[in-house]
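First comes the structure, then the notes that go with it.
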Amino acid sequence: MSNAPLILVDGSSYLYRAFHALPPLTNSKGLPTGAVKGVLNMLRSLRKSYPDSPLAVVFDAKGPTFRDEMFADYKAQRPPMPDDLRVQIEPLHACIHALGLPLLCVEGVEADDVIGTLARSSAAASRPVIISTGDKDMAQLVDGHITLVNTMTNTTLDVPGVAEKFGIGPELIIDYLALMGDKVDNIPGVPGVGEKTALGLLQGLGGGLDVIYANLEAVRTLDIRGAKKLPEKLAEHKDMAYLSYQLATIKTDVALDVELDALHPSDGDSAALLALYQDLEFKSWVDELQRAGVAATAKPATATHATPNQDDLFGSSDSPATAEEPAQPEISAAQYETILEPADWQRWLGKLQQAELITFDTETTSVDAMQAELVGLSFAVQAGEACYVPLAHSYMGAPQQLDRTQVLNDLRPLLEDPHKAKLAQNGKYDINVLARAGINVQGLAFDSMLESYVLNATATRHDMDSLALKYLGHSTIRFEDIAGKGAKQLTFDQIALEQAAPYAAEDADITLRLHQALHAQLQATPSLARVLSEIEMPLVPVLASIERNGALVDAKRLGEHSLELGQKLEALEREAFALAGEEFNLNSPKQLGEILFTKLGLPVISKTAKGQPSTAESVLAELAEQDYELPKVIMQQRTLAKLKSTYTDRLPEQINPHTGRIHTSYHQAVTATGRLSSSDPNLQNIPIRTAEGRRIRQAFVAPQGYRLLAADYSQIELRIMAHLAQDPGLLDAFRHDRDVHRATAAEVFGVTLDEVSTDQRRSAKAINFGLIYGMSAFGLAKQLGVERKEAQAYIDRYFERYPGVLAYMERTREQAASQGYVETLFGRRLYLPDINARNPALRKGAERTAINAPMQGTAADIMKKAMIAVHHWLPNSGFDARVILQVHDELVLEVREDQVEALRAPLCEVMANVAELAVPLVVEAGAGDNWDEAH
DNA sequence: AAGACAGCGTAC
DNA sequence: GACGTACGCTGTCTTA
């Protein structure tokens, strides 16, 4: 018999985790299925990792356990299991049975105890054990034979791992839990003893409860906060400590009528499994089983082929996936065509003309659409029916290919027809490539990347490989596999058709299949379908156009600035070396920390996540305040080094040699809230706050005969807050067009508007922004440099004066907790898997996001609507003007200089009128020869 | 040499 | 532990 490890799966722990961590998923009958899928996914991945291992999945049984008898309050605090979770247990157990996996539920004990018992007896028989769990209490079981693995986070814990993670070995974990207790499991612990104290005791005395109670006096001298009074506290609650010890101890001697040798997966019942999957609507697994030749006995799938429907752009998945649906053809390169002959091309052209929906994709020489040259095109007309049309492969021995101009001309009437629906994955890229090839693509109706993003922005990345794996269970051919990587990576034109064609055609095929799956899901939530069709899809050509317009920068000016910064940096560096008494790398936080805190002995203000002394700006500022010289120099050096490396050095390098301009990429499927992001280069974080930084902005210029016009929404997020909260005070302030920070200051500090001091206004501004971000009194105090009590008083006073805001925030939190997501005004959703997490840090983080996302996201929606509106208005307005940048609440346009004043008012009006809120939207616009002046 | 991560800093 | 959303730089460590 092999000595493959025994795998023990803590089913109950995973079920809870999957339920809380994953966005809710239901089948078409409304039955929740997300947790079942999550646990099964986890089991699949375990089986894949340990194909030859014996295995058991262990669940808690119903009813009380011995711990309830031991301690009346045991788990009394735990809320009852949510119904949506309870109803998933039975189907999950059924699936596990059908998979042929041994499943154990033992009454009177918990899953932990069963696992503990099996683990110890297996280890005693020298068979290694892997316990798959998300529960850290299990760390007490770890020894030389027993390892924990968390299959959701892919982390393992062995003996050194436990020591590293907890600071104590596995043998002290029970004592640790007994001392500090556990809120969730309602293990009482010793009152007043938390993580830090418990650890201090165990490490300080090198032993557990018995050692501690035998040496109580020694506790007094340990280096623990409050050590002086600790012995009394411990003595008083000795009983509690030992009771807790018993509660926290996982049993390892449960009487089980299970033979270890019996814990082997069997073949299971595939037919039953198929029926279950069909019922649960786990489509990709249904396909997988059917491909393997399984037929359901319970519910035979009727393979009626759907007749093509005139109105049906979406293939067979216009309705939710059901067992009645015919399985999709297998994803396989065998059926893809490579088009080299005019006759074949004509045949495909006919297919494209007939198709209700054309799926297309371009292959090029670069990931940068503004540098990319077209190499080929691929198309799909239905799942499995795809082709690749090579146009410019140029390796040695490449076959003769169709004429590029001819093919493009053949395609033009199709691609430029706004009524001919098209589908792509990240179509903005293809639109830009084709625009540069002289084709003005119109009628992009769907984009699988954006469909996935709108459905759930954060559950996954939205690149095609990730989506294919997630939604189709298919591993695509990776670009790396055919092009190689690193310095010797080929461009697409150098790749042999034998490899290029299957890759390219697969892209189109997968895009179509993804659309079929995702579109069906979107239809189930009309608000999301509208976000896609009314905001995201119309935005694609707008962004493409802004990117192609590009921004003009004065490279000479940046170059001069760079030289100047270089000289100043050298001087600052010399000064720093003199103060430090040695040379070091100022750009290395590690070396700087060594100098500041070890060599010079300056006080450590705060530490980084990894426990090193922080050298962040706020720390240096505080040290500078205490009149240390070196931190002052470092602060100046940091500021200038940042400007030089990120902006004055880098921006000129990013000027496109063909256009002489900088073309950023806007990403439409990245942020959690619906904002855009910008990269290569990021033009959404060009400095503005300091004079030195603004010199960078001054290098963004208008071409000869034009000026820049910058139009931004004034206080858009606070206006949205006023609207969402319907708070009378805040509504009033905006309706009277007051300076909102001044108005807030007047309320919070109890003065008239005229009496508000600069300082009071500054504080009010911090409060206003803090609110949008869900900031605490602690954070506000830090920001304002006041005592926490004082900050809390401001916040209390604010909520007193603006009760609607408080109520709104409570509402948002509750809504997030009950439905698992929050929404923008236009129905965009953000799922918050951590909103009910038991870990308070995670939960509170999710709560802050819940409060921020509707405001930030609604602002993003409004701006997107504005961009679409401006884009459609401008060409008909008679103005010579184009949008060149978007920075969240601001649009920057290049306008012919004699039209700037005439354009200003209608532009602001178009932007202000895209949404009707309970308060006016105000847009302010400024003009200048450069971006700084335009503010 | 390339990639991952940490620490930091820029924007809204 | 403590303020939301991004991108990208340099240094450092790991892996090939």
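Here is how names work: the chains are called A, B, and so on, in the same order as the sequence lines, proteins then strands, and each is numbered from 1. Note that the structure is a prediction, hence the values are computed from the model and not measured.
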Interatomic distance, [X] [atom1] vs [N] [atom2] [rounded to whole Å]:
| X | N | atom1 | atom2 | value |
| --- | --- | --- | --- | --- |
| Asn839(A) | dA2(C) | CG | C1' | 14 Å |
| Tyr666(A) | dT5(C) | OH | C1' | 16 Å |
| Ile772(A) | dG4(C) | CD1 | P | 13 Å |
| Asp649(A) | dG8(C) | CG | P | 16 Å |
| Arg843(A) | dG1(C) | CZ | C1' | 13 Å |
| Asp889(A) | dT5(C) | CG | C1' | 13 Å |
| Asn768(A) | dG4(C) | CG | C1' | 15 Å |
| Ile851(A) | dA2(C) | CD1 | C1' | 14 Å |

Can you find a heavy atom in the side chain of [X] that is under 4.5 Å from one in the side chain of [Y]?
| X | Y | result |
| --- | --- | --- |
| Ile795(A) | Leu780(A) | yes |
| Asp465(A) | Arg478(A) | yes |
| Gln886(A) | Gln684(A) | yes |
| Leu718(A) | Phe734(A) | yes |

Touch class at under 4.0 angstrom, heavy-atom based, for [X] against every strand present:
| X | value |
| --- | --- |
| Glu617(A) | sugar-phosphate |
| Phe769(A) | nothing |
| Lys642(A) | base |
| Arg638(A) | sugar-phosphate |
| Gln591(A) | sugar-phosphate |
| Ala616(A) | sugar-phosphate |

What's the closest nucleotide to the [X] side chain, out of [options]?
| X | options | value |
| --- | --- | --- |
| Arg675(A) | dG4(C), dG8(C), dC9(C) | dG4(C) |
| His667(A) | dG8(C), dC7(C), dA2(C) | dC7(C) |
| Arg650(A) | dA2(C), dT12(C), dC9(C) | dC9(C) |
| Thr671(A) | dC7(C), dT5(C), dG1(C) | dT5(C) |

May I have the step-by-step check of side chain to side chain donor-acceptor pair (under 3.5 Å) for Ser776(A) and Arg788(A), ending in yes or no?
-> CA-CA 9 Å; Ser776(A) 65; Arg788(A) 179 185 166 147; over 6 Å; no

Could you point out which residue of Thr673(A), Leu825(A), Ile716(A) forms a side chain to side chain contact (heavy atoms under 4.5 Å, CB included) with Thr858(A)?
->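 It is Leu825(A), the one option of Thr673(A), Leu825(A), Ile716(A) that forms the side chain to side chain contact (heavy atoms under 4.5 Å, CB included) with Thr858(A).
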
Around atom CD of Glu164(A), are there more than 12 heavy atoms of other residues, nucleotides or ligands at under 6.0 Å?
->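 Open: at most 12 neighbouring heavy atoms sit under 6.0 Å from CD of Glu164(A).
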
Distance-only donor-acceptor check, side chains Glu547(A) and Asn432(A), under 3.5 Å =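 Yes, because at least one side-chain N or O of Glu547(A) sits under 3.5 Å from a partner of the opposite role on Asn432(A).
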
Residue pair Ser452(A) / His462(A), side-chain donor-acceptor N/O under 3.5 Å |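 Checked: Ser452(A)/His462(A) side chains pair up, N/O donor to acceptor below 3.5 Å.
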
List the steps, then state whether side chain to side chain donor-acceptor pair (under 3.5 Å) holds for Ser678(A) with Thr664(A).
-> CA-CA 6 Å; Ser678(A) 154; Thr664(A) 182; 2.8 Å; yes

Does Ser588(A) have a side-chain nitrogen or oxygen under 4.0 Å from the phosphate oxygens OP1 or OP2 of dT12(C)?
->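 Looking at the OP1 and OP2 atoms of dT12(C), one of them is under 4.0 Å from a side-chain N or O of Ser588(A).
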
Under-4.0 Å side-chain N/O to phosphate OP1/OP2 contact, Lys485(A) with dA16(C) =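 The answer is no; no side-chain N or O of Lys485(A) sits under 4.0 Å from OP1 or OP2.
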
Which whole number of Å gives the distance between the C1' atom of dG9(B) and that of dG1(C)?
->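 Roughly 22 Å separates the two C1' atoms.
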
Return the residues of residues 676-688 of chain A meeting this criterion: a heavy atom under 4.0 Å from some atom of DNA chain B. Order them by number, or give none.
->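 By residue number: Gln684(A), Asn685(A), Ile686(A), Pro687(A), Ile688(A).
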
Assess whether salt bridge (Lys or Arg N to Asp or Glu O under 4.0 Å) is satisfied between Glu573(A) and Lys568(A), documenting all intermediate values.
-> CA-CA 9 Å; Glu573(A) 209 168 283; Lys568(A) 287 187 181 169; over 6 Å; no

Reading DNA chain B 5' to 3', which nucleotide is the first, and which the last, to come under 4.0 Å of any heavy atom in chain A?
->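 Contact boundaries, 5' end first: dA2(B) to dC12(B).
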
